[in-house]
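Counting from 1, the numbers follow the sequence of the chain as shown. Counting starts at 1 for both ligands and their atoms, following the listed order. Note that the structure is a prediction, hence the values are computed from the model and not measured. When reading the values below, keep in mind they use all heavy atoms of this one structure, side chains included, and skip hydrogens, waters and symmetry mates.
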Amino acid sequence: VIDDLRLRTKGVYARKGLNPMYVNQIVDFLETYADRCHQGKEENILFRALAVKGPNAALVKAMDDLEAQHQDTRATTRKLVAANAAYAAGVTGADEQVKTLLEQVADHYLSHVRQEDRDFYAPAMEYFTPNEGGEMLAEFRNHDRAMIHEKYRLMADALEADR
Ligand SMILES: [Fe+2]
């Protein structure tokens with residue numbers, strides 16, 4: 001999804017342009033996959049379990065950096081939702097604002113994932129026994145299983161509230 005986003009904002013497909021429906025799909029990806037699924041598993045399961053182990057200063061700093069980046073992504077997503085509403089309403093300049101925010105999302109997402117892969121996961125997992133690692137994987141799976149139900153329960157609630 002992020003590769004597609006880069007192609008549409010910067011690459012040869014930029015001529016296709018963007019539209020509010022496409023941006024809605026990106027917002028859904030950011031809210032559901034990037035935030036609830038990926039960041040939710042890290043913050044609610046991995047980071048908490050690691051904090052209990054008393055990790056070294058470098059890992060604590062890496063964890064704080066990653067969490068701050070999660071907050072930034074949430075803030076950018078909120079701005080994107082507002083800019084996209086203006087874009088859909090035909091507000092002048094909103095399309096450029098949407099494009100700038102989408103470029104920001106793509107750049108931040110890729111550097112975030114690189115940082116996690118390079119500086120975080122391997123040293124973090126050294127604090128856990130194979131058994132604990134297995135238990136954490138099971139927790140990850142439970143987290144993901146619950147998500148789909150949560151997503152559509154929230155949708156049903158929102159629809160009901162809007163009747
Ligand atoms: Fe993350």
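- Around the Fe ion (ligand 1), protein atoms of type N, O or S found under 2.8 Å number 5.
- Checked for salt-bridge contact, D119 and R114 miss the test: no charged N lies under 4.0 Å from a carboxylate O.
- Judged as a ring pair (Phe, Tyr, Trp, His ring centres under 6.0 Å), and not counting sequence neighbours, the contacts of Y33 are F29.
- More than 12 heavy-atom neighbours from other residues, nucleotides or ligands sit within 6.0 angstrom of CG on D157.
- Other residues, nucleotides and ligands contribute more than 12 heavy atoms inside 6.0 Å of the NZ atom of K53.
- The pair D4-R8 meets the salt-bridge criterion, since a charged nitrogen lies less than 4.0 angstrom from a carboxylate oxygen.
- Note on R6 versus E103: no salt bridge recorded, every NZ/NE/NH1/NH2 to OD/OE distance being 4.0 Å or above.
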